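Because the structure is a prediction, the values reported are computed rather than measured. So that the names make sense, note that chain A is the first sequence line, chain B the second, and so on, each numbered from 1.
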Amino acid sequence: MIAFEHVGKRYGGRFDALAHLDFRVRRGEMVFLTGHSGAGKSSLLRLLMRLERPSRGRILVAGHDIDRLHHSQVPFYRRQIGVVFQDHQLLFDRSIYHNVALPLEIQGAEPREAARRARAALDKVGLLHREKALPIELSGGEQQRVGIARAVVNKPALLLADEPTGNLDPQLSADIMSLFEDFHRIGTTVMVASHDLALIARLRHRTLRLHEGRLVADEEVS
Amino acid sequence: MSREAPARRGAQTQRPSSGGRWRSWLRHHRAMALDSARRLLRHPLSSLLTMLAIAIALILPAGLWLTLDGARLIDTQLDESATLTVYLEQGVGGAEAGRIEEALAAQEGVTNARLISAAEGMVEFQQALGLEDALARLPDNPLPASVVIRPDDPSPSAVKRLAGGLEDMAGVDEVRLDLAWLERLGQLAELGRRAGLGLAVLFGLGVLLVVGNTIRLAVENRRQEIEVVTLIGATHAFVRRPFLYSGAWYGLGGGMLAGLLLSLGGDWLATPVAALAASYGAGFALPGLGLAGSATLLGCSTLLGWLGAWIAVSRHLAQIRPR
């Protein structure tokens with residue numbers, strides 16, 4: 001599903017945020033991405049979302065070299081990946097329901113179909129009863145679940161998450177992670193960047209460890 | 001796993017048919033048109049102020065254009081009074097003068113010719129100057145007979161050409177035409193037209209700046225929203241759309257205000273203008289915008305609003321990169 005081939009990312013001509021990244025993620029796999037802050041986890045995800053482009057090497061997603069996408073194709077590429085952000089990135093002037101339905105609105109989905117799928121996604125994260133609430137009325141954990149519902153409402157083949165449990169207590173973090181495992185079980189490729197090592201160790205999935213922009217460990221779990 | 005087939009799941013299988021795309025495109029346009037109108041109405045005072053600024057920028061060129069339109073009406077009236085006076089040689093009179101009149105009337109480019117005999121000329125002269133006594137004392141009539149000609153084409157250059165041809169005719173002493181003031185009037189009208197066009201361009205730019213600045217602030221206010229929708233796959237067209245509608249609404253509102261203010265101002269000025277025109281013995285009224293004029297004004301203002309928004313959004317979209 002994802003292939004990094006000798007990928008490097010250099011900022012300002014000197015600083016190598018990522019170097020010599022070479023790995024593959026199979027379709028339907030669940031992978032954790034760990035490392036200290038500054039190790040390059042976010043940079044890697046930004047490359048995958050094509051918010052940035054690699055300085056060296058190439059990145060294949062579903063067989064396509066994403067660096068060669070024309071900028072007019074990028075929105076259509078992004079519609080095929082679901083992204084969960086650490087700071088949720090919800091729109092605070094519209095309801096939970098409208099936040100979740102936003103990707104469908106962007107794609108021009110038929111309203112009735114959009115409503116059905118947005119409600120299904122909200123139901124999946126257990127927040128259907130709060131669909132009319134505004135994000136500000138929700139707790140941090142609930143906001144993150146709304147973010148997840150929005151990321152999966154499209155049924156993306158690839159789900160990326162950047163520190164999705166960053167500010168949550170251990171119980172909520174475990175709940176969030178089990179949601180990602182649910183999507184993994186129905187065949188979605190999931191990549192979660194997190195520095196919550198204890199939680200990652202318990203969940204027993206493949207783990208890519210970054211250190212100073214290099215891949216220092218790729219631990220498969222049998 | 002090196003190269004995989006493109007994902008057959010997810011968005012790819014959900015791509016709507018072209019008819020569905022067209023419908024969803026229309027749906028989004030309708031939604032954004034309404035949404036941007038609602039946003040304007042949510043801040044009625046500041047929206048009104050923006051529209052008023054646009055209206056003021058539109059009123060000056062539109063008002064000047066109306067004035068020129070009125071002046072053009074006078075212009076054509078004056079053109080109709082453009083005549084040449086052909087003075088016949090001293091001593092030519094009676095039957096010969098009549099023949100020359102007929103010959104002149106038959107000339108190409110002459111609409112009609114009217115003979116004024118020496119005696120008639122004397123009477124007109126006496127009446128005009130009030131010198132009956134002094135002229136009556138003259139032993140004989142010093143005035144020649146003359147023919148007043150109305151040309152087909154009243155433009156100064158055509159009249160000049162016609163006059164040149166007539167001067168060579170037998171029995172014609174001199175052809176008089178008062179072109180200087182006609183030319184001056186033509187130049188004034190041209191000046192007015194150019195000034196109007198220049199002002200229209202300048203104030204059109206003003207409208208672009210007013211709308212551009214307003215939209216720039218709106219873009220700043222919705223920066224986070226723009227970042228988020230860009231992250232989840234919105235195209236530039238999608239992001240731009242609500243702002244373009246806002247710009248078009250501002251333009252339309254400004255145009256409507258400008259039309260209203262113009263008609264109010266026209267009413268306000270009508271009485272003094274009529275009085276002034278009457279004192280010159282002319283019938284002149286400020287023309288109204290009319291249906292076509294109003295449609296042009298609204299069309300231009302809406303287009304300017306849309307364009308201003310487009311420029312502002314495009315400039316700022318390039319700067320807004322999702323973090």
Taking the side chain from Arg23(B) and the backbone from Gly108(A), do they hold a donor-acceptor pair closer than 3.5 Å? no
For Leu264(B), is the CG atom crowded, meaning more than 12 foreign heavy atoms sit under 6.0 Å from it? yes
How close do Ile106(A) and Gly233(B) get, counting heavy atoms only, and between which atoms? CG2-O, 3.4 Å
With sequence neighbours excluded, what pairs up with Ser263(B) under the side-chain contact (heavy atoms from CB on, under 4.5 Å) test? none
Yes or no on side chain to side chain contact (heavy atoms under 4.5 Å, CB included) for Ile232(B) and Gln107(A), after CA distance, side-chain angles and deciding distance? CA-CA 10 Å; Ile232(B) 56 182; Gln107(A) 287 180 20; over 6 Å; no
Between the main-chain N or O of Leu90(A) and the side-chain N or O of Gln224(B), is there a donor-acceptor pair closer than 3.5 Å? yes
Is there a donor-acceptor contact under 3.5 Å from the side chain of Arg78(A) to the main chain of Ala234(B)? no
Identify which part of Ala109(A) has an atom lying under 4.5 Å from any heavy atom of chain B, answering side chain, backbone, both or neither. backbone
Please check if the number of heavy atoms outside His98(A) that lie under 6.0 Å from its NE2 is greater than 12. no
Looking only at non-hydrogen atoms, find the nearest pair between Arg27(B) and Glu110(A) and report the distance. NH2-CA, 3.5 Å
Listed partners of Asp65(A) passing side-chain contact (heavy atoms from CB on, under 4.5 Å), at least two apart: Arg58(A), Leu60(A), Asp67(A), Arg68(A)
Using a cut-off of 6.0 Å, state whether more than 12 heavy atoms not belonging to His36(A) lie near its atom NE2. no
Bottom line for Val229(B): the part with an atom under 4.5 Å from chain A's heavy atoms is both
If I measure from the heavy atoms of chain B, does Glu105(A) come under 4.5 Å with its side chain, its backbone, both, or neither? both
Hey, could you give me each pair passing side-chain hydrogen bond (donor to acceptor under 3.5 Å, both in side chains) that has a residue in residues 288-300 of chain B? Not counting sequence neighbours. none
How about Arg185(A): does its CZ atom have over 12 heavy atoms from other parts shown lying under 6.0 Å from it? yes
Taking heavy atoms only and a threshold strictly under 4.5 Å, list by residue number the residues of residues 32-59 of chain B that touch chain A; give 'none' if the list is empty. Met32(B), Arg39(B)
Chain B heavy atoms under 4.5 Å from Arg50(A): which part of the residue, side chain, backbone, both or neither? neither
Begin from the C-alpha positions of Val83(A) and Leu231(B) and carry the test side chain to side chain contact (heavy atoms under 4.5 Å, CB included) through to its verdict. CA-CA 8 Å; Val83(A) 184; Leu231(B) 280 175; over 6 Å; no
d(Thr235(B) OG1, Arg79(A) CZ) to nearest 0.5 Å is 6.0 Å
